[in-house]
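Beneath this line is the structure, given in structure tokens, with notes to follow.
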Amino acid sequence: MTHRIITIDGPAGAGKTTISNLVAKQLGCVYVDTGALYRGVAYEIGQQGVNWKDDNCLGSFLASLDLNFHMENGHFVLISSGKDITPHIRTPEISMLASATSARPQVRAALLTIQRNIAQSQDAVFEGRDMGTVVFPDADFKFFLFADLAVRAKRRHEEMSEGKTDIQKVEQDMKTRDANDSQRKEAPLKAAPDAVKIDSSHLTIPDVVKIILKNIQKG
Ligand code: DC
């Protein structure tokens with residue numbers, strides 16, 4: 001039996017996480033935040049002091065990686081070797097390290113297997129950068145969500161420590177990450193040719209959810 005797969009890709013701050021979670025809730029299926037998986041890898045690399053630029057070191061680290069997830073009160077909870085690491089993966093440092101380490105083909109290959117295994121057993125909404133292009137090229141519905149850099153930085157700034165961080169720094173980090181993620185050789189951030197592209201710069205979250213659900217119902 002094949003399962004219904006919906007992909008939502010796009011850059012940081014476009015609203016993917018909230019929107020994907022809401023779409024999955026409406027459809028009654030599982031939601032997978034693949035950025036959290038990349039963040040989990042980066043967190044463990046940092047904790048274990050892995051020399052991730054070395055193929056052998058990275059390979060043995062990935063062989064021992066044990067990532068799982070579940071939903072708790074509507075939130076994605078990331079478990080690494082039985083430990084909840086969710087509170088540690090959203091820092092600016094982990095964002096940058098996840099962006100850098102996600103460019104390594106070995107990291108992408110390890111997570112590709114995990115992601116496809118999840119899709120074997122259930123309908124799911126997958127959120128990320130390369131869901132519609134590389135991981136699930138045959139997905140049933142594909143969306144690409146984007147927004148102006150200044151709008152995305154403002155949103156992220158508001159989310160982070162109640163706006164106490166410097167907005168210029170948030171915007172600069174986002175710009176660096178956009179460049180890393182879209183210029184890497186392996187599975188760069190880009191819209192699949194058959195994805196529905198949505199500019200969320202001037203749309204509310206419920207507006208975007210509505211557009212996505214309408215497209216799926218039209219199916
Ligand atoms: O979606 P996010 O900001 O939590 O993702 C963190 C980093 O992980 C992002 O900068 C690039 C990487 N990533 C990726 O390469 N492929 C994905 N499918 C999801 C995230």
Side-chain angles (χ1 to χ4, degrees), residues 5-21 23-24 30-46 52 58 62 65 67 69 75-78 80 85-119 124-137 139 142-147 149 151-153 155-160 165 169-192 195 200:
I5 301 301
I6 291 145
T7 62
I8 304 183
D9 288 308
K16 292 186 313 285
T17 300
T18 312
I19 289 161
S20 306
N21 198 347
V23 168
V30 79
Y31 154 64
V32 187
D33 176 354
T34 66
L37 301 176
Y38 283 94
R39 286 171 182 274
V41 168
Y43 173 75
E44 287 297 349
I45 283 176
W52 57 273
L58 185 60
L62 289 169
L65 188 69
L67 286 183
F69 70 90
H75 295 284
F76 190 90
V77 175
L78 186 65
S80 176
I85 59 166
T86 323
H88 312 299
I89 62 169
R90 304 268 165 216
T91 65
E93 293 72 28
I94 294 294
S95 297
M96 295 309 277
L97 188 59
S99 183
T101 53
S102 68
R104 295 300 313 266
Q106 285 166 286
V107 171
R108 303 212 71 82
L111 291 193
L112 183 124
T113 306
I114 294 178
Q115 290 156 4
R116 288 200 180 144
N117 283 345
I118 299 167
V125 175
F126 280 87
E127 175 225 320
R129 301 289 189 286
D130 61 336
M131 296 297 105
T133 49
V134 174
V135 183
F136 301 109
K142 299 181 185 180
F143 298 92
F144 189 83
L145 210 56
F146 62 101
L149 175 64
V151 173
R152 293 190 283 124
R155 288 178 186 159
R156 187 50 52 88
H157 179 248
E158 281 163 7
E159 270 166 32
M160 287 165 78
T165 45
K169 165 100 172 70
V170 175
E171 184 166 327
Q172 191 48 50
D173 279 3
M174 217 168 226
K175 208 168 163 185
T176 307
R177 229 152 44 94
D178 282 355
N180 283 349
D181 297 347
S182 50
Q183 287 164 18
R184 68 180 176 224
K185 244 171 65 198
E186 201 71 27
L189 162 68
K190 67 169 180 219
S200 76

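Because the structure is a prediction, the values reported are computed rather than measured. Numbers here simply count residues along the sequence, with the first being 1. Counting starts at 1 for both ligands and their atoms, following the listed order.
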Could you list which atoms of ligand 1 come closer than 4.0 Å to a heavy atom of [X]?
X	result
Asp130	16 (N), 17 (C), 18 (N)
Gly128	18 (N), 19 (C)
Ser99	10 (O)

Worksheet item: Quick one: salt bridge (charged side-chain N to carboxylate O under 4.0 Å, His left out) partners of Arg104, sequence neighbours excluded?
Response: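 Applying salt bridge (charged side-chain N to carboxylate O under 4.0 Å, His left out) to Arg104 gives Asp55.
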
Please state which protein non-hydrogen atom is closest to [atom] and give its distance, to 0.1 Å?
atom	value
atom 19 (C) of ligand 1	Thr34 OG1, 3.5 Å
atom 8 (O) of ligand 1	Tyr38 CB, 3.4 Å
atom 6 (C) of ligand 1	Arg177 NH1, 3.5 Å
atom 4 (O) of ligand 1	Arg39 NE, 2.7 Å
atom 12 (C) of ligand 1	Ser102 OG, 3.6 Å

**Prompt:** Is Arg155 salt-bridged to Glu158, going by a charged N under 4.0 Å from an acidic O?
**Reply:**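 Salt bridge between Arg155 and Glu158, a charged N being under 4.0 Å from a carboxylate O: no.
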
- So is there a nitrogen or oxygen of Asp181 less than 3.5 Å from a nitrogen or oxygen in ligand 1?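 Yes, since at least one N or O of Asp181 sits under 3.5 Å from an N or O of ligand 1.
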
Hey, is ligand 1 close enough to Gln115 that some N/O pair sits below 3.5 Å?
->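 No, since none of the N or O atoms of Gln115 sits under 3.5 Å from an N or O of ligand 1.
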
Original post:
Between Met96 and ligand 1, which part of the residue brings a heavy atom under 4.0 Å of the ligand: side chain, backbone, both or neither?
Top reply: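 It is neither part, as no heavy atom is under 4.0 Å.
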
Next on the checklist: I'd like to know if the side chain of Arg108 and the backbone of Ser102 have a donor-acceptor N/O pair within less than 3.5 Å.
Outcome noted: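 A pair under 3.5 Å: yes.
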
Give a yes or no answer on whether the side chain of Lys16 reaches the backbone of Gly10 with a donor-acceptor pair at less than 3.5 Å.
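Indeed, once roles are kept as given, a pair shorter than 3.5 Å links the two residues.
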
**Message:** My understanding is that we take every heavy atom of each candidate and find the minimum distance to atom 15 (O) of ligand 1. Doing that for Met131, Arg108, Arg129, which one comes out nearest?
**Reply:**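 Result: the heavy atom closest to atom 15 (O) of ligand 1 is in Arg108.
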
Students often mix this up, so state it plainly: with edges at 30° and 60°, are the rings of His88 and Tyr43 parallel, tilted or perpendicular?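 Aromatic pair His88/Tyr43 classed parallel.
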
(message) Taking side-chain contact (heavy atoms from CB on, under 4.5 Å) as the definition, give me every residue that meets it alongside Leu149, ordered by chain and number, with sequence neighbours left out.
(response)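 Once residues adjacent in sequence are excluded, the partners of Leu149 under the side-chain contact (heavy atoms from CB on, under 4.5 Å) criterion are Arg152, Glu171, Met174, Lys175, Asp178.
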
Notebook entry, point to check: Looking at Ser200 and Ala14, what are the two nearest heavy atoms and their distance?
Noted result: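 The pair with the smallest heavy-atom distance is OG-O, 3.0 Å.
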
Looking at Asp130, Thr133, Asp9, Asp181, which one forms a side chain to side chain contact (heavy atoms under 4.5 Å, CB included) with Lys190?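 So the option named by the test is Thr133.
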
